[in-house]
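For reference, the structure discussed in these notes is given below.
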Amino acid sequence: MSEIAPAQFADYMSNPRVAEHMPLLTSGWNEEAAANFIAMKEACWPRDGLGHWTFLADG
């Protein structure tokens, strides 16, 4: 996840089409919120030995 810019991640999480599939998704995503979210998810790998993945289409 850390390979994606927080601004790009925030834009994605602010998309209404994404929210349709994620009922717990809250509004108010900005670069700071995205950076915090990414850091929180990346911390799972060293702590738990597994974690979250992000897949990109077309690059």
Side-chain angles (χ1 to χ4, degrees):
M1 294 181 98
S2 59
E3 295 178 11
I4 298 172
Q8 182 181 1
F9 199 87
D11 185 51
Y12 175 79
M13 295 297 275
S14 297
N15 186 320
R17 293 179 64 200
V18 172
E20 287 180 35
H21 303 282
M22 300 176 73
L24 299 178
L25 181 64
T26 60
S27 62
W29 282 84
N30 58 27
E31 282 190 58
E32 182 180 0
N36 290 336
F37 180 83
I38 292 168
M40 180 178 65
K41 297 303 182 183
E42 288 287 318
C44 295
W45 285 99
R47 183 189 69 219
D48 303 330
L50 54 94
H52 299 80
W53 293 77
T54 302
F55 294 90
L56 300 175
D58 299 323

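In this chain, numbering begins with 1 at the start of the sequence shown.
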Per-pair distances, 0.1 Å, donor-acceptor, side chain in residues 40-57, under 3.5 Å, sequence neighbours excluded:
from	atom 1	to	atom 2	distance (Å)
Glu42	OE2	Met1	N	3.0
Glu42	OE2	Ser2	N	3.4
Trp45	NE1	His52	O	3.3

Listed pairs under 3.5 Å, donor-acceptor, residues 18-25 side chains, sequence neighbours left out:
none

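The two atoms that bring Pro6 and Ile38 nearest to each other are CA-CD1, 4.4 Å, heavy atoms only. Of all heavy-atom pairs between Ala33 and Gly28, the closest is CB-O, 4.3 Å.
Judged as a side chain to side chain contact (heavy atoms under 4.5 Å, CB included), and not counting sequence neighbours, the contacts of Ser14 are Trp29.
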